[in-house]
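Naming convention: chains lettered A, B, ... in sequence-line order (proteins, then strands); numbering from 1 in each chain. Worth saying up front: this structure is predicted, and the values here are computed from it rather than measured.
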2 protein chains.
Amino acid sequence: MDAAEQLFARRGFAATTIKMIAAESGQNSALIYYYHDSKAALYRHVLERVIGTIADGARRRIAPGSDPERVVRGVVESQVAVLAGNPHLPVLLARELIDWKAAHAEPAIRHLSATLFQELTKAIADGQATGEFRPDIDPTFAAISTIAQVGYLVLASPIAGILLGRGLDGPTDGDIQAFGQHAADFALAALRRPAVPATRASNRLEETTT
Amino acid sequence: MDAAEQLFARRGFAATTIKMIAAESGQNSALIYYYHDSKAALYRHVLERVIGTIADGARRRIAPGSDPERVVRGVVESQVAVLAGNPHLPVLLARELIDWKAAHAEPAIRHLSATLFQELTKAIADGQATGEFRPDIDPTFAAISTIAQVGYLVLASPIAGILLGRGLDGPTDGDIQAFGQHAADFALAALRRPAVPATRASNRLEETTT
DNA sequence: GTCTATAGGCTGATAGAC
DNA sequence: GTCTATCAGCCTATAGAC
């Protein structure tokens, strides 16, 4: 499974052969068919295992019910932590997105969407309700913008690498950590209601929203 | 070439066969080898053609030297326009990123980085110099956050589709247009210096930066 | 459970007629 | 330029010895 995960991530499903996996793991290729029905089944097993670690990591890191700002930071930090802890997770997930339109990952994505993402969206809406965040932003779009930053950095890692002067190998771990910090700050700077000078118009708005 | 572009985008390099391309384009498979040296060469030609359209689209849309806010909007709008105009561009590019670490696209990416991206970064730095933008954000990171939003929406399109309630087929064209508008607003909201109430401290800061 | 051997099919690429 | 025919090699998957 480890060998398969590595190879599927590095070369993709179609370009990885059963014999490669056997060689990489020092086993016989026929043995793989003793444990898995087919190459496709092996791939499903690998993917399910990897997705399990995302779900675990995400679940453990979000303290629900805390204030909006902490939720935003928590989500971005959990992205960074999960991605940093599983080196070929982003590649494997990216391949799944593109090769199968995430068909195998759909249940997991829907679950993350229904929990983590909804919580982020709700935190943003809550922040708007209390007047902490500006009201003129769609909470769903804002949540996507928030997670998109770190997501793009790892999905488009060769591009990000060039933009950061690191070359095609992509950002370093340090870059990702630093960018994660920035991403949370950036999202919160966009969300926070600007401290407008006290005019009548803004006062009226303040009263209706608090 | 059109058939090859479509198939390479839909199924990937390894999973696309020369005979598939021949069948799709109503030609003989041997004829492909008359025009292209190998499958890999055909892929390179397809990719070069596609990348040309990105470069063209980007070049035509950015008015250099305009004010920082216009540059930010222009970059995001050009992303949306190029992606909307070329349906399988994001998929093909995503596959190139992941299958070859963008090795074939490197010159184009470096060029876009040296022109478009540097211009965006410079516009942000300029905005900071004039006091229009807050100074406590790294311009390079801010530029990545800006382009990451629409980039993520199309690269992780099945995820974005689920988050937006559209399913695995991803966001609609309308979604991408609307999100592009939001993305520019979101980035500018993050960048703009908050209009702090006039205290002595903020006045002092104002005087040193303008 | 682990191995060897191999079937059966598809692939990229070429030779050569027209 | 376009076609048919075909090769040599690699692939997934299985049969069967141990």
(request) May I have the distance from Gln27(B) (atom CD) to dT2(D) (atom C1'), rounded to whole angstrom? (result) 9 Å
(request) Identify whether the distance between the nearest side-chain nitrogen and carboxylate oxygen of Glu132(A) and Arg192(A) falls below 4.0 Å. (result) no
(request) Check the distance between dC11(D)'s P and Ile21(A)'s CD1 and give it to me in whole angstrom. (result) 11 Å
(request) Would you mind reading off the distance between Asn28(A) atom CG and dG1(C) atom P, rounded to a whole angstrom? (result) 15 Å
(request) Could you check how far CG of Leu31(A) sits from C1' of dG1(C), rounded to whole Å? (result) 7 Å
(request) Heavy atoms only: give me the nearest Ile98(B)-Val91(A) pair and the separation to one decimal. (result) CD1-O, 3.5 Å
(request) Determine which pairs satisfy salt bridge (charged side-chain N to carboxylate O under 4.0 Å, His left out) with at least one residue from residues 97-117 of chain A, sequence neighbours left out, and list them in order. (result) Asp99(A)-Arg95(B), Lys101(A)-Asp169(B), Glu106(A)-Arg110(A)
(request) Could you please name the option among dA13(D), dT2(C), dT4(D) that lies closest to any side-chain atom of Lys19(A)? (result) dA13(D)
Listing, residues 14-21 of chain A side-chain donor-acceptor contacts under 3.5 Å, not counting sequence neighbours, or none:
{"unit_1": "Thr16(A)", "atom_1": "OG1", "unit_2": "Leu7(A)", "atom_2": "O", "d": "3.2"}
{"unit_1": "Thr16(A)", "atom_1": "OG1", "unit_2": "Gly12(A)", "atom_2": "O", "d": "2.7"}
{"unit_1": "Thr17(A)", "atom_1": "OG1", "unit_2": "Met20(A)", "atom_2": "N", "d": "3.1"}

(message) Just the rounded figure in Å: distance from P of dA5(C) to CD1 of Ile18(A).
(response) 20 Å
(request) Rounded off to whole Å, could you give me the NE2-to-C1' distance for the His36(B) and dG12(C) pair? (result) 15 Å
Close N/O contacts between protein and nucleotides 14-17 of chain D (under 3.5 Å):
none

Enumerate the protein-to-nucleotides 7-10 of chain D contacts in which both atoms are nitrogen or oxygen and the separation is below 3.5 Å.
none

(message) Restricting to ring pair (Phe, Tyr, Trp, His ring centres under 6.0 Å), what partner residues turn up for Tyr152(A), sequence neighbours left out?
(response) none
(message) So, taking the atom named CD1 in Ile32(B) and the one named CE in Met1(B), what distance separates them when rounded to the nearest 0.5 Å?
(response) 11.5 Å
(message) Ignoring hydrogens and geometry beyond distance, is a side-chain donor-acceptor pair present between Gln6(B) and His88(B) at under 3.5 Å?
(response) no
(message) Does the plane of the ring in Tyr43(B) sit parallel, tilted or perpendicular to the ring in Phe13(B)? Use 30° and 60° as the thresholds.
(response) perpendicular
(request) Could you tell me the separation between the CD1 atom of Ile32(A) and the C1' atom of dT4(C), rounded to a whole number of Å? (result) 16 Å
(message) For dC3(D) and Tyr34(B) - does any side-chain N or O of the residue sit under 4.0 Å from the phosphate oxygens OP1/OP2?
(response) no
(request) Select one nucleotide: of dA13(C), dT2(D), dA13(D), the one nearest the side-chain heavy atoms of Ser38(A). (result) dA13(D)
(request) Measure from CZ on Phe13(A) to C1' on dT12(D) and round the result to the nearest Å. (result) 10 Å
Which donor-acceptor pairs under 3.5 Å do the side chains of residues 171-179 of chain A make with protein atoms, sequence neighbours left out?
{"unit_1": "Thr172(A)", "atom_1": "OG1", "unit_2": "Gly174(A)", "atom_2": "N", "d": "3.4"}
{"unit_1": "Thr172(A)", "atom_1": "OG1", "unit_2": "Asp175(A)", "atom_2": "N", "d": "3.0"}
{"unit_1": "Thr172(A)", "atom_1": "OG1", "unit_2": "Asp175(A)", "atom_2": "OD2", "d": "3.1"}
{"unit_1": "Asp175(A)", "atom_1": "OD1", "unit_2": "Arg166(A)", "atom_2": "NH2", "d": "2.9"}
{"unit_1": "Asp175(A)", "atom_1": "OD2", "unit_2": "Arg166(A)", "atom_2": "NE", "d": "2.7"}
{"unit_1": "Asp175(A)", "atom_1": "OD2", "unit_2": "Thr172(A)", "atom_2": "N", "d": "2.9"}

